[in-house]
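Before any comments, here is the structure.
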Amino acid sequence: MPRPERQQSVLELLKSLCGLEPLKKLFWSELNYQRVNQSLSRRGWPEAAAGALADDPVLFAGGGQDNDFHVIYARLASEHLRLGDERTVVARLLKDHPYALFAFSDSSQNRWHFLNVKYDEKAEKRRLFRRITVGPGERLRTASERLALLDLDAIGPDLYGLSPLAVQQCHDEAFDVEAVTKQFFEEYKATFGILQDDLKRQTKDQPWAHDSALQFLNRCMFLYFLQRKHWIGGDVDFLRSFWESYKRNRQDKDSFFERWLKVLFFEAFNNKFHGGHRNFPDDIKRVLALAPYLNGGLFLENDLDRKHSFSISDVRFEQVFTFLERYNFTIAEDSPLDQEVAVDPEMIGKVYESLVNVSSEADERGDAGIFYTPRTEIDLMCRLALVDHFANRLGQSHKNLLYESVFALEQDEKANADKAMAEAKLWREFDACLREVTVVDPACGSGSFLVGMLHILDNLQERAGRQLGQPCSAFDRKKRIIGQSLYGVDIMDWACHVAELRLWLVLIIDAEFTPEELHVRSEPLLPHFSFKIRRGNSLVQEVGTVNLGHISGLQSTSSEIKARITKLKNEKLKFYNNDPSCHFRSADEAIREELLLFRDILDAR
């Protein structure tokens, strides 16, 4: 770890990072790199790379022998830090600067990405882009810790001096997301344990305490992702403002959870807030009155909320709040080729899977059959499964072309594959296959496979829509894919809740609505996942003596039962979409209909 004074100096510079001068001071003075200040001409660059920048990039600092490790600044022409623009620029710069750190800013130099490129040993030497984000609304503790590790004076030279490769390796370690994950997990585990023990002391119910502590942390963390969208009063630090307003207005002791958070969760986020709450100051009332209509299940009062009388004290909430405030949350899940050094939904899934050992059902993760599968392996398995499925539908003669299309990751690979698909006149049939595919993960855990499949299907459907002239917003497209194509089952209830949380977060990242638009929506923003992620035992194929296996079940099911199954499936899709024409007014009504149908299936066998 860097020295505390070094980290504090870096933190202060990051807070003031607007324009090039603080950036130069960071590397020249604090991190001990040599001054260079050399403009890099874009002459001869590809049009896309040259057009992405507002000015020629600047090699402003160097390190190692002969300053052969380069620190390069590039100002994007856009007001947004687009990952595609950065990849295009870096691909060109790497040809002349193989050992480098890249600092990108938006055109106004208010928001920044520090970008490290590491070659992934497990993915055919593909370039892995890892970013640290700095700017307004970002929590900078992790950023300052990781960037302080780049101090050249702290890198020990070997017998031949300090090689650029040694500097590059230091940068690779500083941008290691696993290090952030480990730190987050250790702090999360401690916070979770304290809250769980408190709830257990109050109720003497260990399983309930485990699930309730998890649910409370889920809800709090969702707020951190949600406020990143500026959806709660336009305040990216809403929860801090909410908590400080409570303390400032001298409320009754230990009433924050009962009289403030519950109102936010169960009333404001469900479009039920009324002005009769005298405990709120006027500014908080205005924010709650315009809170986004979320619904979706996470903020509906449920059996866990009602089973026991319990409280979460102000001291206990402050412990949770202090922990969460230390981290920067990003709502973008990493792709196989892009990672952000921050807390993302995938990291939360990994943490929860590691926490299974505190449950009463299993003392060891392996006893529960739960193991974390790395993202790159998930991505590979999803793509291989899709290629086989599409080849079976469209013909084995097209398998190589389908492989190229599904496995295209870089922009040039996608462009070449899309052109080949167009020449083969496959897009219309391929689009139909994409819309009809059904994916079930029978042991979904925290939803990693479902999220991975969603990202791949979304990319393929976006490309198909572009080719066929059928544009669709990313939010609507992902919502449709989840509703029509993705299903998950897990025997652990907590896993189902985490999988739901991750799918909700994938949706909100692409939801481009103002707070006002969200409030006046007639339907809630989040769909119902009650029938998308289910708790159950996928290994059970027989009930009594009746075999419910997929193939044998189809052979012995009557046409009348099949028609009822289809009708129920359509009604549940309406329920997912909050369709007012849905026959079911609640999930319980749909479950009762499921049970009736299930009994009739058993009787018919």
Side-chain angles (χ1 to χ4, degrees), residues 1-40 57-75 86 89-90 93-105 109 112-119 127-134 138 140-180 183 328 339-342:
M1 293 295 293
R3 298 194 310 273
E5 60 270 20
R6 172 76 66 204
Q7 181 193 338
Q8 187 60 37
S9 300
V10 170
L11 178 62
E12 295 305 318
L13 283 169
L14 294 181
K15 288 179 179 178
S16 64
L17 191 55
C18 184
L20 200 50
E21 291 309 308
L23 183 70
K24 291 178 177 178
K25 184 177 180 182
L26 173 64
F27 282 90
W28 292 350
S29 301
E30 290 300 328
L31 301 179
N32 300 299
Y33 289 75
Q34 297 298 310
R35 305 183 184 204
V36 179
N37 258 351
Q38 174 187 342
S39 180
L40 304 174
V58 178
L59 196 172
F60 71 92
Q65 286 177 316
D66 301 322
N67 283 336
D68 282 345
F69 183 91
H70 298 159
V71 184
I72 298 173
Y73 166 67
R75 184 165 74 97
E86 293 175 2
V89 171
V90 169
L93 286 170
L94 281 173
K95 294 180 179 180
D96 302 315
H97 311 275
Y99 302 109
L101 172 73
F102 304 95
F104 284 92
S105 77
Q109 298 181 314
W112 300 74
H113 277 162
F114 292 91
L115 194 153
N116 161 267
V117 181
K118 185 177 186 294
Y119 288 88
R127 293 189 294 262
L128 179 61
F129 286 53
R130 306 186 297 178
R131 297 172 175 82
I132 290 174
T133 303
V134 174
E138 304 290 341
L140 301 176
R141 190 198 79 158
T142 298
S144 63
E145 284 179 353
R146 307 318 294 177
L147 291 177
L149 293 172
L150 306 183
D151 180 9
L152 273 187
D153 284 356
I155 307 174
D158 57 25
L159 293 174
Y160 304 99
L162 185 59
S163 69
L165 177 59
V167 181
Q168 182 70 55
Q169 289 171 339
C170 169
H171 281 239
D172 291 348
E173 292 172 5
F175 280 75
D176 182 11
V177 178
E178 293 302 317
V180 178
Q183 183 179 12
N328 197 32
Q339 294 181 352
E340 185 161 354
V341 185

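- Here the side chains of Pro57 and Leu93 are in contact, with some heavy-atom distance below 4.5 Å.
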Side-chain donor-acceptor contacts of residues 95-104 below 3.5 Å, not counting sequence neighbours, with atom names and distances?
{"from": "Asp96", "atom 1": "OD2", "to": "Arg92", "atom 2": "NH1", "distance (Å)": "3.1"}
{"from": "His97", "atom 1": "ND1", "to": "His70", "atom 2": "ND1", "distance (Å)": "2.9"}

Audit row: Asp172, Arg130, side-chain contact (heavy atoms from CB on, under 4.5 Å) steps and yes/no: CA-CA 9 Å; Asp172 291 348; Arg130 306 186 297 178; 3.6 Å; yes
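- Applying the salt bridge (Lys or Arg N to Asp or Glu O under 4.0 Å) rule to Glu138 yields the partners Arg111, Arg228; only residues at least two apart in sequence or on another chain are considered.
- Under a 3.5 Å cut-off, the side chain of Asp66 and the backbone N or O of Asp68 do not form any donor-acceptor pair.
- Residue Ile72 holds its CD1 atom at 5.0 Å from CG of Leu59, rounded to the nearest 0.5 Å.
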Worked verdict on Tyr73 versus Trp112 for side-chain contact (heavy atoms from CB on, under 4.5 Å): CA-CA 10 Å; Tyr73 166 67; Trp112 300 74; 3.3 Å; yes
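- The structure places CG of Leu149 at 10.0 Å from CG of Leu31, a figure rounded to the nearest 0.5 Å.
- Looking only at side-chain heavy atoms (C-beta outward), Arg146 and Val180 come within less than 4.5 Å of each other.
- Counting only distance, with no hydrogens or angles, the side chain of Ser29 and the backbone of Leu26 share no donor-acceptor pair below 3.5 Å.
- Put simply, the side chain of Asn328 does not reach to within 4.5 Å of the side chain of Thr142, judged on heavy atoms.
- At a threshold of 4.5 Å between non-hydrogen side-chain atoms, the residues Phe114 and Leu23 count as touching.
- Rounded to the nearest 0.5 Å, atoms NE2 (His171) and CZ (Phe69) are 3.5 Å apart.
- Two residues are said to be in side-chain contact when any heavy atoms from C-beta on lie closer than 4.5 Å; Trp28 and Asn37 meet this criterion.
- To the nearest 0.5 Å, atom CD of residue Glu340 and atom CZ of residue Phe129 are 15.0 Å apart.
- Salt-bridge check for Lys25 with Glu30: failed, with every basic side-chain N at 4.0 Å or more from each acidic carboxylate O.
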Steps toward side-chain contact (heavy atoms from CB on, under 4.5 Å) verdict (Val36, Phe27): CA-CA 11 Å; Val36 179; Phe27 282 90; over 6 Å; no
Derivation and outcome, side-chain contact (heavy atoms from CB on, under 4.5 Å), residues Tyr33 and Phe60: CA-CA 9 Å; Tyr33 289 75; Phe60 71 92; over 6 Å; no
